[in-house]
Amino acid sequence: MKRLVEHSSFYWVRYDRYELRRDANSLLYIMPAANAKPEIYNPLEVAEQITLDALKIGMKCMNRQPTARKREAVTGFVHKYGLLGLMTSLPTTPHFMNYEAVYLFRNHFIEQEAMSTEDYLSNFFPFGKLDIEKKGTEYEWNIEGDRDMRALALTFSEQPTAMNMSFQRQYAERFDWLVTQFRDLTFNLLGAFLYAEDYKKLDEDGRKLYQRGIAAFGSVAPTYHISLLDRPVLVWDFYSLLSELQMVSSVMLTDEERPVRLCRKCMEPFVADSPNAAYCPECGI
Ligand SMILES: [Zn+2]
C-alpha cells in the first residue's frame, strides 16, 4: 500500500474544535467552531490508521446502533482528521467552479444530475456564504476573514478552488450524510466478510448475488498522472479525504498479505497478519 502512494502528496486541513449546529430546517451539520484553529497535515503518512478508524466508525454507523453512539463516533473522527470533503467528491470534477453548473455522480444525497453552482454550494455553506460571484464559467472569490483563513486560501491556491473553499471556516457537512458515507465505506468490507462466512452454505446463485453486490459498489476514483522522476512514477491526485479513504480502503481490502478484515467475534475491523486470520488481536485465536 505504501508503494502505491509513495510519490503522491496530499494535504488536508483539520481544526482544533468542531461544533454541531442545526440550520433553519433543523438539519444537523458539523463544522469548525468559531475561532477554531486550522492545522494542515498529510493523511497519507497515517493512511492505514485513518482508514482503519474510518472503517470502525462505519461499523458503528450501521442501523442497529443508537444515535448517540453514531454521533460520538463521527464527531470523534472529524476532530481527529477533519471533515471528509463531500463537496468535492460528489461532482464529476473537483474543478466544478470552472463550469456553468455542477454535474453529479449518482450518490445517496442529492437526486438531481445537475444543478446551479449556487444551489449546490448552499448544501455546504448553510450558516454563512463565502464571497463568491459566479457568472457562466467565470467566478471571482473575494477571500475575506481572519489571517488564518487568508493564509489557508493562499496555501491551497494551486488546488481546485472547491477543495480550497472546503477548508474555510464556514464550510459544513451534513451529519446524516457523514453517517451514510461512513457506512458506505464499510460496505465492501462487510460484504467480503459475509461472503467468506457464508461461502460454503451458498449455492452458485447466492455467490453471484454477493459478487454483484460488491462489484456494483464502485466509488469515484481519484485522478492520477505520471511524473518523470529518475523513472516514470504514478502519482495520485486526491481532492478529498473521502476519495483517499475510498481508495486506500479498497487497496487494504484486496491486499494479498495484510488485508483488512472484520473480526469474527467482535466485528471490529483489523489489519490481519495473514489473509486467513479470522480474529482481531484482542479476541486473538
Ligand atoms: Zn475481535
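Keep in mind that this is a model prediction, so the values were computed, not measured. Counting starts at 1 for both ligands and their atoms, in listed order.
The environment of CZ in F127 is crowded: more than 12 heavy-atom neighbours from other residues, nucleotides or ligands sit within 6.0 Å.
The main-chain N or O of F193 is never found under 3.5 Å from a side-chain atom of R261 such that the two would form a donor-acceptor pair.
Here OG1 of T117 is found 14.0 Å from NZ of K135. Values are rounded to the nearest 0.5 Å. The CZ atom of F167 sits 9.0 Å away from the OH atom of Y15 when rounded to the nearest 0.5 Å.
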Donor-acceptor contacts under 3.5 Å from residues 93-101 side chains, at least two apart:
unit_1	atom_1	unit_2	atom_2	d
T93	OG1	H95	N	2.9

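Ring pair W177/F109 is parallel by interplanar angle, where below 30° counts as parallel and above 60° as perpendicular.
Tally of protein N, O or S atoms closer to the Zn ion (ligand 1) than 2.8 Å: 4.
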